[in-house]
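Working notes, structure below.
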Amino acid sequence: MTVTVKTFTSSSEAAAALSSDRNARYLGGGTLVMRALNEGDISLSTVVRANDQALMRIDPSGPRITLGAGVTFARILGERDLSFLHAPARSIGGPAVRNMGTVGGNLFAPNPYGDFTVALLALDATVALQGGFGSRDIPIEEFLQSRDRQAGTLVLSVSCTRPTSAEAFRYRKIARIKPKGGSVITLAAHLPISGGRIAGARIALGSMAPTQIRARAAERALEGRALDAATVAAAASAAAEGTSPSDSALGSAWYRREIVGVHLRRLLLGQE
Amino acid sequence: MTRHRGRGIASINYPIGMNLGGDPSQALVHSNPSGKFTVALSSIDLGQGMKSVTRQICAETLGVPVEDVYVDTADSDTGPHCMGSFASRGTHRVGNAVMAAAREARGVMMEAAAEELEVNAADLETDGRGNIHVKGAPHRSISTKEVAIAAQFKQGKTISGRGIFLVPLSNVDPETGEMSPATCYAHACLVAEVEVDDETGEVTMIRMDSAYELGRALNPRLVEQQLVGGAWMGVSHALYETPEPYYPDPIHGPRDFVEYVMPGPGDICPHDIAVLERPAPDGPFGAKGPGEMCANPVLPAVANAIFNAVGVRIDDLPITPEKVLRAIKAEGGARPQARR
Amino acid sequence: MAKTALQFRHNGSDVAIFVDGGTNLLVALRELIGDMTPKFGCGQGGCGTCSVLIDGELHLSCLTLAETVAGRSVETLDSLKQGPNLHPLQRAFADNFAAQCGYCTPGMLMAAKALLDRNPSPSRAEVVEAISGNICRCTGYEPIINAILAASGGRASA
Amino acid sequence: MLELRKDIFADERDDNLKEIGKGTQRQDMLGHVTGTSSYFNDHKLQGMLHLKVVRSTHSHARIRRIDTADADRSAGVRRIIRGSDVPRNLNTLLSLINFGKDDEPSLAVDKVRYKGEPILAIVADSEREAFEAIAKVRIDYEPLPTVFDVEDALKPGAPVVNETYPKNAFIYHDVYDHQKLRFGDADAALATADHVLEQRYQMSPIEHAPTETNGSIAAPDTNGRYVVYTSTQALFFSVDTCAKILDVPSNTFHFIGGTVGGGFGGKVDTLTEPLCILGAMLTGRPVRYVFGREEEMQYGPPRGAERIYIKDGVMRDGRVVARKIRAYFDSGAYTRLSSYAAVKCAAHLPGPYTIPNVYGDVYCVFTNRTPATAMRGFGVTAMDFAIECQMDKLANLVGMDPMEFRILNAYRDGDMKAHRREAKNTALIECVQVAAEKAKWPIRDEFKRASSRKDGGGSRAAIPRTPADTHARTIAPAQQRTTYDRLPAAALHEPPREPPPPAPPPPPSPRPASPSHGAGRFSSVFGTRRR
């Protein structure tokens with residue numbers, strides 16, 4: 001049972017191959033699949049690739065932008081129109097990983113990885129999936145909740161909201177190591193302001209649960225209010241509500257709960 | 001949100017070599033017919049500079065330029081026995097063995113030169129540039145190459161030498177611990193300045209100032225490599241590293257360089273170092289060994305600086321943000337000590 | 001085992017090899033082509049010792065499926081020297097004593113080259129970012145940062 | 001930034017040397033920057049096989065059964081090596097210097113003592129095929145109670161980790177479960193000290209994390225020898241350890257190494273060479289055994305954890321008058337080198353200070369974790385952390401500046417150290433003075449004028465009256481021998497053996513019928529009373 005590589009020109013063929021073989025994994029940038037192969041993961045015996053140019057497409061125009069699943073973080077950093085995504089893209093890996101890692105792969109990256117997905121979650125993303133029986137779009141939250149069962153489907157692209165202003169979207173990754181390290185927690189906040197009040201707040205957290213999650217209590221504390229110190233304090237104190245962080249090599253659940261509010265407050269107040 | 005600065009110090013000494021089996025090392029030195037020397041060792045260069053420092057020791061002892069010496073390490077067929085590269089023993093033990101071997105080789109070289117120049121070997125000296133001449137009469141000179149040719153093809157002499165360094169065995173008294181654990185000691189004192197975030201427990205290194213006494217800096221650039229890299233490792237040990245983050249509970253062990261945390265290139269701070277040299281009577285040109293002890297003072301200096309900054313003592317390594325935060329919370333908040 | 005034929009440019013020369021399914025580029029370079037300059041450090045993408053340039057972009061060869069470089073250009077540290085002359089980065093690493101055990105050096109040099117090829121006079125922060133995917137356990141990074149700054153004509157100091 | 005303070009101790013040095021003191025370029029720098037420095041793994045051998053080990057999934061368990069039937073038939077498998085295939089499947093590293101008892105198998109046979117302990121070695125055509133075979137091995141374990149805390153391990157009734165040391169402690173001098181240091185009367189001095197401070201310090205393990213992982217390549221060479229490319233930090237330690245374990249003369253091997261991608265102590269243990277060579281012997285092919293990064297981090301030996309209790313007595317004027325220390329080295333499941341670390345640590349007490357009454361007990365304790373080994377600052381790093389944190393607390397307690405406090409207590413030339421040797425060539429005071437100067441940390445003139453070369457010796461040179469332990473422990477020599485241990489007790493007193501003949505016949509098999517050759521030891525002994 002050695003490893004077979006299957007390369008297709010269309011994503012639908014790749015999706016079909018993926019869904020018909022339990023030991024198949026789709027090769028994006030290689031940071032997950034090649035590592036698994038290198039480390040002797042024998043549950044993986046078929047590597048599926050697609051040379052479909054549609055997977056590489058970036059559609060940066062309009063109120064919702066679309067990123068092909070095969071788009072690398074380096075490419076996002078090269079797109080001026082996507083400057084709101086530069087901070088999350090830059091927070092991934094070193095330069096080599098950014099040249100390799102893809103938007104689609106990041107959706108599958110477990111803690112302490114998957115930082116870009118935190119940003120996408122805050123930006124109300126939808127994920128376009130190609131399964132054995134056709135394609136469909138699902139909200140990113142639904143995707144993340146069922147991620148373990150998505151191994152047989154192929155992600156085609158991700159679309160997300162373009163923030164109305166630079167201040168409306170904030171992102172921060174807390175790592176032990178500078179300039180790059182694994183996430184202790186990752187925070188993203190999309191706070192559209194309408195008439196001086198926050199309308200449609202979305203706060204997303206990484207490493208605060210088995211997958212990226214929304215901090216709904218903090219969102220409620222912000223919704224309909226002006227972004228002032230009192231509101232921020234209320235959101236910060238609610239930040240850990242509903243989260244279920246784990247102990248890991250990078251920090252304990254206790255520590256993550258203790259600091260998530262501190263970092264949310266600093267993020268929303270623009271403090272270092 | 002408050003960040004507090006603090007300074008802490010630590011001073012240490014460190015034993016050179018080990019008290020096991022006499023801690024021996026051997027070296028062989030020989031010349032080829034062009035007067036170029038090879039040092040054969042089984043000692044390991046794992047980055048500390050074994051090949052380079054023994055090369056300088058050999059060149060100095062022989063009285064030839066460093067370019068005329070090449071050090072070959074770690075082939076069990078050609079290199080004589082060495083205990084290995086650990087316990088800060090490389091420079092001292094292996095250096096001494098190389099020095100002894102080079103001294104013996106130099107003796108033959110000077111005899112061969114004396115025969116060519118028709119003088120007494122005791123009246124000759126080396127100029128360090130590849131020539132041997134009569135003391136006080138530099139024009140009565142012969143090159144090491146000419147000497148090597150003469151030794152090989154005319155006199156039938158091998159310009160070579162053997163060296164060993166062995167420490168007298170020292171028993172350890174079971175009742176009192178009386179022993180001779182090492183032959184000499186290096187010393188250091190280090191001042192660390194940190195900044196502590198009292199809401200997250202994060203500690204940032206601001207700067208380090210240090211003084212290291214290591215016998216003699218045989219090569220100051222190699223010493224600098226050890227001290228700079230070693231202090232970085234000290235910071236890493238102090239604040240970051242463990243394969244068992246919940247020791248003694250052996251859970252959540254890191255599997256990669258993301259989970260095993262060490263300071264990155266963005267975490268380093270300025271470090272001003274002074275090197276003192278009090279030659280060890282038994283060291284090669286007085287050298288001790290900087291390789292291990294350079295990390296040691298950093299750990300307590302950082303811990304003491306954290307106390308100075310926020311008034312908490314963390315006695316468990318590594319001093320993670322979590323431990324600092326727990327301690328600050330247990331104290332009811334940061335209690336900055338007198339600035340110093 | 002079924003083998004797949006693979007052709008690509010390696011340091012300016014065309015090479016052709018047969019790879020097993022799943023072979024990574026690091027293994028292909030070292031064991032099939034014999035270029036030992038990229039090193040194995042983790043196989044996880046965490047240390048950068050296997051860094052190479054693919055079509056001029058920095059990649060981790062251990063996480064690159066070998067057959068994905070078909071028809072592309074791969075550069076390793078072995079491409080840096082021009083004849084007997086060291087590349088300015090190699091000279092700067094030497095002058096700054098930026099290597100101890102030397103094992104991370106090939107990856108560091110490739111990361112540095114990827115930076116300077118795009119940004120000939122980087123700031124210290126940009127240098128730090130450029131080597132942030134590369135682990136060095138010996139030097140404490142300072143001499144490496146200084147070497148890259150020196151090679152770029154920047155200021156080599158802390 | 002490095003500054004040479006040539007002004008200090010200038011009278012003790014000859015600075016007119018030609019090569020010494022120069023910042024000459026490293027001999028290996030050109031190789032490093034061109035990538036041509038040759039590490040163990042940079043050797044490509046024809047027909048090389050790959051070795052991977054099957055590791056225990058339990059921290060402590062009896063092995064009931066090992067079923068390799070499916071693995072044997074797995075594609076590409078050339079050989080599965082069991083403990084019974086290892087000629088001498090029990091060793092301890094420092095047996096080469098007659099220190100300690102053989103306590104660690106190359107491959108576990110009846111019991112595993114830490115999670116990740118090797119049980120089988122699988123030699124296959126490719127790494128992938130070795131991984132696939134590993135998945136097909138079935139091992140039936142009977143889990144045993146575990147112990148992970150050093151103090152718990154020493155309690156009566158604790159699970160026995162390593163039957164060679166049934167009390168879970170290394171035995172020193174055949175009698176004690178710790179190394180003692182006794183100098184003066186610490187208890188009496190503590191009773192009359194102005195302040196007493198007792199504290200607990202803990203260091204968790206630390207991983208060496210060299211960028212190059214541990215590994216070796218072994219290959220049959222001409223004339224019956226084996227060439228071994230290795231990452232070892234100690235070439236002859238590895239040669240002789242392999243000769244002992246594989247029971248062949250040491251000159252069967254041609255070890256090549258010397259250029260290593262970082263070690264920091266983590267490449268002293270001869271972790272990969274014995275099985276790698278055995279694989280080459282049993283298959284007749286070159287074999288590579290290299291650790292993956294997770295293996296290196298989890299099962300490569302770390303710097304062991306240490307727990308340290310310090311009780312100090314200090315006078316109002318800042319003089320430390322007594323220091324009492326109890327320290328535990330967590331050796332993990334086997335001895336490796338921790339036994340020596342404890343001795344080195346005892347000798348290091350009480351740090352670089354002249355303290356008239358010092359009392360130390362240092363234990364090397366076995367627990368069910370990955371065996372520990374040497375690392376940069378071995379035996380000293382954690383103790384220095386404890387001592388220097390303690391010194392800071394003491395200075396605080398008596399209201400002294402911490403720099404001045406250290407100068408006051410620093411050892412000086414001529415002082416008697418606690419291990420009963422005169423301090424010579426000391427320089428702590430000067431280091432503190434220069435560090436203070438560099439950091440612009442003000443100290444008073446009297447402390448600026450202090451010198452390591454002044455005011456030592458005299459009454460400070462005396463060995464104080466030292467009471468004998470009133471409750472000296474009379475532990476019977478715990479010599480429970482295991483079924484593997486073939487070394488008769490008398491062998492401990494054997495004179496060094498003659499080196500093997502220069503040209504031995506090629507070994508016909510890895511297990512020669514001739515008498516054991518591999519037991520040759522280095523020529524000296526670690527000190528014990530019996531000598």
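So that the names make sense, note that chain A is the first sequence line, chain B the second, and so on, each numbered from 1. The model shown is predicted, which means the values in this text are computed figures rather than measured ones.
- Interface residue B:Val228: backbone and side-chain heavy atoms are both found under 4.5 Å from chain C.
- The salt bridge (Lys or Arg N to Asp or Glu O under 4.0 Å) search around C:Lys113 returns C:Glu75, C:Asp117, not counting sequence neighbours.
- Ranked by non-hydrogen atom pairs under 4.5 Å with chain B, the options C:Pro143, C:Ala125, C:Cys138, C:Ser132 are led by C:Cys138.
- Between B:Glu193 and B:Arg7 no salt bridge is recorded (no basic side-chain N to carboxylate O distance below 4.0 Å).
- For B:Ile268, the part lying near chain C is the side chain, with the backbone staying farther off; criterion is any non-hydrogen pair under 4.5 Å.
- Annotation: side chain of B:Glu224 is not in contact with side chain of C:Phe97 (no heavy-atom distance under 4.5 Å).
- Using a 4.0 Å cut-off between charged nitrogen and carboxylate oxygen, C:Lys3 and C:Asp20 count as a salt-bridge pair.
- Looking at B:Ser236, only its side chain comes within 4.5 Å of chain C, counting heavy atoms on both sides.
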